[in-house]
Protein chains: 2
Amino acid sequence: MKPKPQSRRGDAFGPNSRTDARDRILEAAVNLFFEHGFVSTTIRQITTACGLTPGALYNHFKSKEELLLAIALDAQTRVWDCVSSAREAGGADPAAQLSNMVRAFVLFHLTHQRAALTASSEYRWLSGNDRKRNIANRRRLRSAFAEVVQSGVNAGVFESGLSPSQINIVVMSLLNMGIRAARWYEPGAAQSAEAVADLHAWMAVRIVSAGGAPPPTG
Amino acid sequence: MKPKPQSRRGDAFGPNSRTDARDRILEAAVNLFFEHGFVSTTIRQITTACGLTPGALYNHFKSKEELLLAIALDAQTRVWDCVSSAREAGGADPAAQLSNMVRAFVLFHLTHQRAALTASSEYRWLSGNDRKRNIANRRRLRSAFAEVVQSGVNAGVFESGLSPSQINIVVMSLLNMGIRAARWYEPGAAQSAEAVADLHAWMAVRIVSAGGAPPPTG
DNA sequence: ATTATAAATGAACGTTAGTTCATAGTTTGG
DNA sequence: CCAAACTATGAACTAACGTTCATTTATAAT
């Protein structure tokens, strides 16, 4: 009786201005995925949150999973870009590279908590090739970190006792602590996102730097 | 037509020996929660996995949530005991205490991957007081770690520049990397659980030990 | 042996999930 | 100004969910 489709471009400004429906869906979804998890979030919650009815969502995404995929791929792409340019900004010094990368990674997770955490911890609900793609992206990121640490070890600036498999574990630990920071960090807290990111970068460099107690063998 | 209730004590041995139904349910549940998550695991999956029908589960647990609670509380208790005695074994030296605690924490997560990860990352599906209890247990554990780090800072054996809020972040990072290790570690891998735990303990001590670059301010 | 308790069954219940679809209104392009 | 392409609606569908229950069988206690 009262279907009132909205403009695709939206009235960019004014009291009744609305953004594109697709973007509103994505924003509502990322909020709800963060809060309740992908599985527990319903299509009806998402569409209600952005003023639509369930059927309308399927004009923009062909399934709930494709919605998750869109969010996850976008966040992964942005994390990669972010970390890549941080690496380049570190010049040829492995310590500067690693520090910059960790800082950028954590800062991204603190300033885009919802999307970053969705990409990093809801990917298990993707199936088939979507999942493979997400996993491949994650592996690529880990490899970039591992490369930098290895180069530092080779250059003698990082702890020489670290074996390649230990390096992998260290890298996974660093990434996981950054990812989980997106869960516990609260934007209004005493520590700024930059301070938290700096602390993580500091921890990373501390772990791998040469000097101090050698790593355990094995 | 063929209800064949089993012995509560079970025929302890022999070809048809069966353990107590409650334990079989818990074991099936912890496996499925680990693999598919709490929300996605169905009562029917659990009961099928241990040779029961859905209704039978409710003779042992009054709801799906109570099943999760039983698993989570048990694991938390065991982690606490484990970490507490590791702390005592460290004597009065904060570095030995922290190293032992991290080692014990990680080792527990690697040898009880399913239960530990369920306790640590499915607690959000508990409601009301169950959830509060879980959160309180987690906080107690964090406090124990923070106490040790703070005592090391006070004693001058750990980095003096670390503020209390930085200590909290460091502790959360340490715990999170141990927790996540339960997800990526594969028991048959090249690295033994002990070696991985040792490496984590090494990282922890490296981060907090005095000397090296001072932590960022803020 | 008899009784009381515990445990398993299989069918059912009420909900709610993701998704589809005929319909109707809106926007765009020629 | 008309037609084609979009987009939102609201109702419906199927499937699966957690849970309940009357009933039946096994075990434990007296």
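Each chain gets a letter, A, B and so on, in the order the sequences are listed, and its residues count up from 1.
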- Item | Along DNA chain D (nearest heavy atom to each residue), the more 5'-positioned of B/Arg44 and A/Gly55 |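 Of the two residues, A/Gly55 wins.
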- Message: Looking at C/dA8, I'd like to know if its phosphate oxygens (OP1 or OP2) sit under 4.0 Å from a side-chain N or O belonging to B/His60.
- Response: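 B/His60 to C/dA8 OP1/OP2: side-chain N or O found under 4.0 Å.
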- Distance-only, no hydrogens or angles: does the B/Ser151 side chain make a donor-acceptor pair with backbone N or O of B/Val148 under 3.5 Å?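 Pair found, side chain donor or acceptor close to backbone of B/Val148.
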- Message: With a 3.5 Å distance limit and no angle check, can you tell me whether B/Gln97 reaches the backbone of B/Glu88 through a side-chain donor-acceptor pair?
- Response: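 No.
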- Message: When you measure only distances, ignoring hydrogens and angles, does the side chain of B/Asn59 come within 3.5 Å of the base of C/dA6 through a donor and an acceptor?
- Response: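 Result: no qualifying N/O pair found.
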- Task: Tell me which of A/Thr41 and A/Ala56 sits closer to the 5' end of DNA chain C, going by the nucleotide each one is nearest to.
- Result: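 First, find each residue's nearest nucleotide; the 5'-ward one identifies A/Thr41.
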Tell me which nucleotide among [options] gets nearest to the side chain of [X].
X	options	result
A/Thr42	D/dA8, C/dA17, C/dT19	C/dA17
B/Tyr58	C/dA8, D/dT20, D/dT7	D/dT20
B/Thr53	D/dA8, C/dG18, C/dT9	C/dT9

Quickly work out the [X] [atom1] to [N] [atom2] distance and round it to whole Å.
X	N	atom1	atom2	answer
A/Asp20	D/dC6	CG	C1'	12 Å
B/Leu32	D/dC17	CG	C1'	16 Å
A/Glu65	C/dA17	CD	P	19 Å
A/Ile43	D/dA16	CD1	P	18 Å
A/His36	C/dA17	NE2	C1'	16 Å
B/Leu52	D/dT19	CG	P	16 Å

- Task: Kindly confirm or rule out a cation-pi arrangement of A/Arg78 over A/Phe108, judged by NZ or CZ under 6.0 Å from the six-membered ring centre and within 45° of its axis?
- Result: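 Relative to the ring axis of A/Phe108, which defines the angle, A/Arg78 lies outside at least one limit.
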- For the residue pair A/Phe145 and A/Phe105, categorise the inter-ring angle as parallel (less than 30°), tilted (30 to 60°) or perpendicular (more than 60°).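 Rings of A/Phe145 and A/Phe105: perpendicular, over 60°.
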